[in-house]
Student: 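Here you go, one structure.
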2 protein chains.
Amino acid sequence: MIIDMTGLRQKLRERQYKVTPQRQIILQIFLDNQDKHLSAEDIHNIVRDQSNDIGLATVYRTLELLSELEVLQKIDFGDGRSRYEINETSTPHHHHHLICLSCGKVIEFEEDLLENLENSIAQNSNFTIVDHQVKFYGHCQECSLKSEH
Amino acid sequence: MIIDMTGLRQKLRERQYKVTPQRQIILQIFLDNQDKHLSAEDIHNIVRDQSNDIGLATVYRTLELLSELEVLQKIDFGDGRSRYEINETSTPHHHHHLICLSCGKVIEFEEDLLENLENSIAQNSNFTIVDHQVKFYGHCQECSLKSEH
DNA sequence: TTCAATGCAAAAACTTTGCATCCAG
DNA sequence: CTGGATGCAAAGTTTTTGCATTGAA
């Protein structure tokens, strides 16, 4: 379960933030690109392509706000910029990332097994865990095949 | 098992890189600070404190090289800069990080359970996994206590 | 001796901030 | 109307790059 436009408006009002066109446009872009991991610049470009210009500073501020509202999740893939995707951590089905060290491609996978691990760590560490992020690094099938000559 | 100075010299020679004082000084800093997650600036400051100045550009280039050699591992804790620690992924005992969302403190924990997960993912995804990185987000004991009023 | 490595400064890349203007409530 | 939101430009941070000089092999 991910948030929809109505949900966004509600969250914003609840916390006395204003429902602006910019904020809705940016959420819509994430809804239209759920398989992607968009950076601030990506968003800015997509908005421009829709001839719906939004200042880059506003894009950054909106991404930060939406992350704070837990509408988006910030991820780092080591490419020097922050990327975001729609948050679904409140769901039992987390998804995580396989990152190809050869071509940089990011593949998603679902898994639930980590819940157990989370519980056992919480018990042993006096740490209240609210979220986790897992990245696996390796080589995707294409790249593996290529390097076999 | 982590690398030592002799191991570094060997790795460098193997790949025809030169064994320079700068590279050895930087590895030594990681050996002396195994519990820390050092950024380029941290390294630069530590070196200065030892009145052993190294140019910041060289620090960056060395961190990149040592990561490529798998002597170091690059980590991102979301604080806007890259951090590094000695790589021990070739060991059966990976360690991972608990990141406190309240105070930013990073706590380490050991675990082996992820090996199974890695295997099952590899089978289901045609992905050859060579490493993984796990981060748990939550609240440390201190911060949890504080917020209970 | 020779070419990789270093140091410095300049540049690049990403993100944040100040401030005047705008507009959602 | 009014204060929060936006846009723009300027500034801040982190990281990379060009080039002359140095030094490991």
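Bear in mind that the values here come from a model prediction, so they are computed numbers and not experimental data.
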Student: Any pair with a residue in residues 56-66 of chain A that passes side chain to side chain donor-acceptor pair (under 3.5 Å), sequence neighbours left out, goes on the list, sorted by first then second residue, please.
Tutor: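 Sorted result for residues 56-66 of chain A: empty, none.
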Student: Between A:L12 (CG) and C:dA24 (P), how many Å, whole number?
Tutor: 13 Å
Student: Could you give the CG-to-P distance, from A:D79 to D:dT14, as a whole number of Å?
Tutor: 18 Å
Student: Roughly, in whole Å, what's the span from CZ in A:R23 to P in C:dC23?
Tutor: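 Whole-Å distance recorded here is 15 Å.
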Student: Within the distance-only criterion (no hydrogens, no angle test), does the side chain of B:K36 pair as donor or acceptor with the backbone N or O of B:E85 below 3.5 angstrom?
Tutor: no
Student: If the cut-off is 4.0 Å, is B:R81 near the phosphate of D:dT13, judged by side-chain N/O to OP1 or OP2?
Tutor: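 Answer no for this pair, as no side-chain N or O of B:R81 is under 4.0 Å from OP1 or OP2.
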Student: Between B:N87 and B:E70 (side chain of the first, backbone of the second, donor and acceptor by atom type, cut-off under 3.5 Å), is there such a pair?
Tutor: yes
Student: Rounded to whole angstroms, how far apart are CD on B:Q16 and P on C:dT2?
Tutor: 19 Å
Student: According to the ring-ring contact (aromatic ring centres under 6.0 Å, His included) rule, which pairs have a member within residues 68-87 of chain A, sequence neighbours left out?
Tutor: A:H37-A:F77, A:F77-A:H97
Student: In whole Å, I'd like the distance from the CD atom of B:Q24 to the P atom of C:dA5.
Tutor: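 From B:Q24 CD to C:dA5 P: 14 Å.
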Student: What pairs with B:S39 under side chain to side chain donor-acceptor pair (under 3.5 Å), at least two apart in sequence or on another chain?
Tutor: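 With neighbours one apart ignored, the set is B:D42.
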Student: Please enumerate all residues that pass side chain to side chain donor-acceptor pair (under 3.5 Å) together with B:K74, with sequence neighbours excluded.
Tutor: none
Student: Could you name each residue pair satisfying side chain to side chain donor-acceptor pair (under 3.5 Å) that touches residues 43-57 of chain B, not counting sequence neighbours?
Tutor: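 Applying side chain to side chain donor-acceptor pair (under 3.5 Å) to every pair that reaches into residues 43-57 of chain B, excluding sequence neighbours, yields nothing.
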Student: Sort and list the pairs that fulfil side chain to side chain donor-acceptor pair (under 3.5 Å) and have at least one residue in residues 10-21 of chain A, not counting sequence neighbours.
Tutor: A:Y17-A:E68
Student: Using a cut-off of 4.0 Å between protein heavy atoms and nucleotide atoms, how would you tag nucleotides 16-25 of chain D 5' to 3' with B, S and -?
Tutor: BBB----BBS
Student: For A:D32, what residues pass the side chain to side chain donor-acceptor pair (under 3.5 Å) criterion, not counting sequence neighbours?
Tutor: A:Q28
Student: In whole angstrom, give the distance that lies between atom CG of B:L65 and atom P of C:dA4.
Tutor: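 It works out to 14 Å between those atoms.
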Student: Who pairs with B:D4 by side chain to side chain donor-acceptor pair (under 3.5 Å), at least two apart in sequence or on another chain?
Tutor: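 B:D4 satisfies side chain to side chain donor-acceptor pair (under 3.5 Å) with no residue once adjacent residues are dropped.
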Student: Counting only heavy atoms and a strict 4.0 angstrom limit, can you tell me which residues of residues 38-55 of chain A come near DNA chain D?
Tutor: A:D53, A:I54, A:G55
Student: Would you kindly give the CD1-to-C1' distance between A:I25 and D:dA5, to the nearest whole Å?
Tutor: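 Rounded to whole Å, this separation is 14 Å.
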Student: How long is the straight-line distance from CD1 of A:I75 back to OG of A:S82, given to the nearest 0.5 Å?
Tutor: 10.0 Å
Student: Per the end-axis method with five pairs at each terminus, what is the bend angle of the helix from C:dT1-D:dA25 to C:dG25-D:dC1, to 10°?
Tutor: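 The end axes of the helix from C:dT1-D:dA25 to C:dG25-D:dC1 are about 40° apart, to the nearest 10°.
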Student: Quick one: B:E68 CD to C:dA5 P, roughly how many Å, whole number?
Tutor: 11 Å
Student: Between A:V59 and B:G80, name the one whose nearest nucleotide on DNA chain D is closer to the 5' end.
Tutor: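 Of the two residues, A:V59 wins.
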